[in-house]
Colleague: 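Sharing a structure here in structure tokens format.
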Amino acid sequence: MSIVKILQKSTIESLSALYNQSFTDTDFQINQTKPEFEGDYTVVMFSLVKSLKLSPDAIGNQLGEHLTKNYPQFFTAYNIIKGFLNLTVADAYWQDLLQKNYNDICYGKKALNGKKVMVEYASPNTNKPLHLGHLRNIFLGWSVAEILKANGYEVVKSCIVNDRGIHICKSMIAWQMFGNGATPESTGVKGDHLVGEYYVKFNDVYKQQVEELISEGDDKATAEKEAPIMKATQQMLLDWEDGKPEVMELWKTMNGWVYAGFDVTYNSIGADFDKTYYESNTYLLGKDIVQQGMDKKVFYQKPDSSIWIDLTADGLDEKIVQRSDGTSVYITQDIGLALQKYEQYKIDQSIYVIGNEQNYHMKVLQLICQKLGMPNADNIYHLSYGMVELTSGKMKSREGTVVDADDIVEEMITTSQQHTEELGKVKDFTAEELTALYNTIGLGAMKFYLLRVDPKKTMVFNPAESIDFHGFTGPFVQYTYARIKSILRKQAEVMTTDNGQQTMDNDLLKAEKEVIVVAEQYGTIIEQAAQEHNPSVIANYVFNLAKTFNSFYSELSVANAETEVKKQLRLKISLLTANILKSGMQLLGIKVPERM
RNA sequence: GGUCUGGUAGCUCAGCUGGAUAGAGCAUCAGCCUUCUAAGCUGAGGGUCAUUGGUUCGAAUCCAAUCCAGAUCACCA
């Protein structure tokens, strides 16, 4: 149990004993004591003043007295300032915590809870390479999956690949017209980039043709519809739907190139999936659900035989679920897939990592699932994240203002190499070790940069800032870890692995205690991150812990501690910190180096 | 126009289930490497928490209105 929960519980017990009535944890608040005051945690009980008809100071005195008297193993002193009750937690408590956990690499994590969650993330299109926005998505999805695992959930990571439709045909048609048989092998271009080039080519040609038609007197709408390349693309989509062999062949070949390219990217950034769904397999799903919805009178048919659901009573609009020609639409596929996921994996919760431009869509999806009475429809969760903007404005793939995922990852790794070489601390590393280190630091910087911000907020990607390795960054945390490991290597022989009392020290110094206090919060932080589906909670915490440790490090010496007892104590503080930093960074998908 | 987000230091962001003098990082300035890795530490300056009103012992935080920015409201996906 965390110290905050202990304090909560003992406060409730004390209040009940003192005032002979029952209390709950909403009757008061517990905060960390501000640094300018004496104490570790503060009880705020202004809300009790009215019902108890006592002054805050009076309640504080009685409560403080009662707590220190009845729970001396936890609380040793108190003071009251302006009605706030500041309590000092016993040094023995902190030391006991340290003794029990300093060597536990699972510290803060929870046992399996028997619940299963699916996290769907990445969701790429097969007509262009991954960009910065995908990276935010992928890092978020991966991290949330890890955070849920740390909270005892079984997690299935899934990916839905958008591999069909008019936009896919665009790159296909452009390749057919202008490709001259180019392949990744013949050009040396990564498969997804090669296909992306033809997607851009399509848009160039299309734009040109539209302009020509307009100059010949067509209005814009007609021109956009009549442009030859667009008509060819539409024909190709029809051919694809008919299963025309040469179109299928081309489709499979080009998608194959893209998948090979994606695999390289996933591999380099450390993303993986337990299950991949392809939209070409799922786009016909949901048909029988439409029928069920009709039977249940959740859906209704219009005279042109298209099928709809009326969500106006829920503050939304009417939504089509089946076209008049009987084909299904996007949302229908999603309903079908949602059900399939549940049936295949018996999941308790389904998390979708999807950009916030689909908030409306996801709201509608969940609402329809609920109205259809689908199991666990209430446990559909849209992890909505904001767009990544550039300092120069928004990214637009058609205008070529996107930051390519492979490019930015490579740039970060190169930058980490430059920094490392300038510092010259690892000259004895082998070539393989160096490569691994540059990857660890470069990717660490990148992931930390994208994950340290609240997912739901639109964020600005500032290139100069993203490659900064100082301050609130991944490398800062990695560096702190490496520095601790350096101490531990040097002191390995003298560090005792006792669990006994000989390292007990009844007078913790401020800098020592501060590290333990922050370390103690790790379990609570992991819970909070899972509840909010928010990796930035972890990023902020890990930074805070590293910073607290760095102050400790610069103020006190471990190797040359005043006494042997102090030395052992500080070694344990260091090891505990290192374990938590490693564990927390792992929840963000970031590795930590033993040296850097 | 309806709905949903967001607006906190020059910049990027925490804090938002109401609590003490609103915090970090970057940038700027001033210090600290003959002692465990200076990718570090210590300090300084920098704020009308978009605006106005309300709720109350107390509001960056809750409520309302207004302003600004973004997203969305397809027989596209």
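Letters go in sequence order (proteins before strands), and every chain restarts at 1. Only this structure's heavy atoms are used, side chains among them; waters, hydrogens and symmetry mates stay out. Every value quoted in this text rests on a predicted model; they were computed, and no experiment measured them.
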Colleague: Between B:U72, B:C76, B:G25, which nucleotide gets closest to the side-chain atoms of A:R323?
Modeller: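 Closest nucleotide to the A:R323 side chain: B:C76.
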
Colleague: Quick check for you: among B:U37, B:A24, B:C57, whose closest atom lies nearest to any side-chain atom of A:A482?
Modeller: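 The answer is B:U37.
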
Colleague: Rounded to the nearest angstrom, tell me the gap between atom CG in A:N544 and atom C1' in B:A24.
Modeller: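 After rounding, the gap between these two atoms is 9 Å.
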
Colleague: Could you state the atom-to-atom distance from CZ of A:R452 to P of B:C13 in whole Å?
Modeller: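 That distance rounds to 8 Å.
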
Colleague: Does the ring of A:F84 lie flat against the base of B:A20, closer than 5.5 Å centre to centre with planes under 30°?
Modeller: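 By the stated criterion, A:F84 and B:A20 stack.
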
Colleague: Nearest-nucleotide wise, let me know which of A:P475 and A:Q491 is further upstream toward the 5' end of RNA chain B.
Modeller: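 The residue closer to the strand's 5' end, by nearest nucleotide, is A:Q491.
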
Colleague: So, does the side chain of A:N86 form a donor-acceptor pair with the base of B:A20 at under 3.5 Å?
Modeller: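 Indeed there is one.
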
Colleague: Taking the same atom, C1', in B:A24 and in B:C49, what whole-Å distance lies between them?
Modeller: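 To the nearest whole Å, 16 Å.
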
Colleague: Measuring only the P atom in each nucleotide, how far is B:A9 from B:G23? A whole number of Å is fine.
Modeller: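 It comes out at 14 Å once rounded to the nearest Å.
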
Colleague: Please confirm whether any donor atom in the side chain of A:K425 sits under 3.5 Å from an acceptor in the base of B:U37, or the reverse.
Modeller: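 Under the 3.5 Å cut-off, the side chain and the base do form a donor-acceptor pair.
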
Colleague: Minimum heavy-atom separation for A:I525 to A:V537, with atom names?
Modeller: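 That would be CG2-CG1, 3.7 Å.
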
Colleague: Convert the base pairs of RNA chain B into dot-bracket notation, remembering that pairs crossing earlier ones are written with [ ] and that bases paired across to another strand are shown as |; include only Watson-Crick or G-U pairs under 3.5 Å.
Modeller: ((((((((.[[[[.)...(...]]]].(((((.......))))).....[[[[[..)....]]]]])))))))....

Colleague: Return the stacking result for B:A20 and A:F37: yes when the ring centres lie under 5.5 Å apart and the planes under 30°, no otherwise.
Modeller: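 One would call A:F37 stacked on the B:A20 base.
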
Colleague: Determine the interatomic distance between P on B:U3 and the same-named atom on B:A74; round to the nearest Å.
Modeller: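 Those two atoms are separated by 16 Å.
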
Colleague: Between A:N137 and A:Y121 (side chain of the first, backbone of the second, donor and acceptor by atom type, cut-off under 3.5 Å), is there such a pair?
Modeller: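 Checked: no pair found.
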
Colleague: What integer number of Å spans the P atoms of B:U51 and B:G2?
Modeller: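 Pairwise P distance, B:U51 against B:G2, rounds to 24 Å.
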
Colleague: Provide, to the nearest angstrom, the distance between the CD1 atom belonging to A:I160 and the C1' atom belonging to B:A77.
Modeller: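 After rounding, the gap between these two atoms is 11 Å.
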
Colleague: I'd like to know whether the aromatic ring centres of A:F552 and A:F549 sit less than 6.0 Å apart in this structure.
Modeller: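 So the answer is yes for these two rings.
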
Colleague: Distance between the P atoms of B:U61 and B:U17, in whole angstroms?
Modeller: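 Between the two P atoms, the distance is 11 Å.
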
Colleague: Rounded to whole angstrom, note down the P distance from B:A30 over to B:U66.
Modeller: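 Between the two P atoms, the distance is 50 Å.
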
Colleague: Out of B:C4, B:C41, B:A14, which nucleotide sits closest to the side chain of A:K363?
Modeller: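 Closest nucleotide among those given: B:C4.
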
Colleague: May I ask you to say what A:Y330 touches in the nucleic acid, namely base, sugar-phosphate or nothing, with a heavy-atom cut-off under 4.0 Å?
Modeller: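 Base: the residue A:Y330, judged by heavy atoms under 4.0 Å, touches a nucleobase.
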
Colleague: Within a radius of less than 6.0 Å around CD of A:E38, do more than 12 heavy atoms belonging to other residues, nucleotides or ligands occur?
Modeller: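 Incorrect, the count does not exceed 12.
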
Colleague: In whole Å, what separates the C1' atom of B:U5 from that of B:C41?
Modeller: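 The answer is 40 Å between these two C1' atoms.
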
Colleague: Is the A:Y522 ring parallel, tilted or perpendicular to the A:Y541 ring (thresholds 30°, 60°)?
Modeller: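 Because their plane-to-plane angle is under 30°, the rings of A:Y522 and A:Y541 count as parallel.
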
Colleague: Does any N or O in the side chain of A:H382 come within less than 3.5 Å of the main-chain N or O of A:I354, such that one atom is a donor and the other an acceptor?
Modeller: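 Flag set: sc A:H382 to bb A:I354 pair under 3.5 Å.
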
Colleague: Surrounding NZ of A:K591 (heavy atoms of other residues, nucleotides or ligands, distance under 6.0 Å), is the total greater than 12?
Modeller: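 It does not: A:K591 NZ has 12 such atoms or fewer within range.
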
Colleague: Does B:C33 adopt a syn or an anti glycosidic conformation, taking syn as a chi angle within 90° of 0?
Modeller: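 Nucleotide B:C33 adopts syn.
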
Colleague: How close or far is atom P of B:G40 from atom NE2 of A:H419, stated in whole angstroms?
Modeller: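 Rounded to whole Å, this separation is 11 Å.
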
Colleague: Would you say the base of B:A20 and the side-chain of A:T42 have a donor-acceptor pair closer than 3.5 Å?
Modeller: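 Such a pair exists between side chain and base.
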
Colleague: State which of B:C36, B:A77, B:C73 makes the closest approach to the side chain of A:S557.
Modeller: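 For A:S557, the side-chain atoms sit closest to B:C36.
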
Colleague: Less than 6.0 Å separating the ring centroids of A:W251 and A:Y278?
Modeller: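 No, the ring of A:W251 stays outside the 6.0 Å limit from the ring of A:Y278, centre to centre.
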
Colleague: Separation of A:E594 atom CD from B:A39 atom P, in whole Å?
Modeller: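 My rounded result for the distance is 18 Å.
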
Colleague: Which value, in whole Å, describes the distance between the P atoms of nucleotides B:A44 and B:G25?
Modeller: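 Comparing P positions in B:A44 and B:G25 gives a spacing of 12 Å.
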
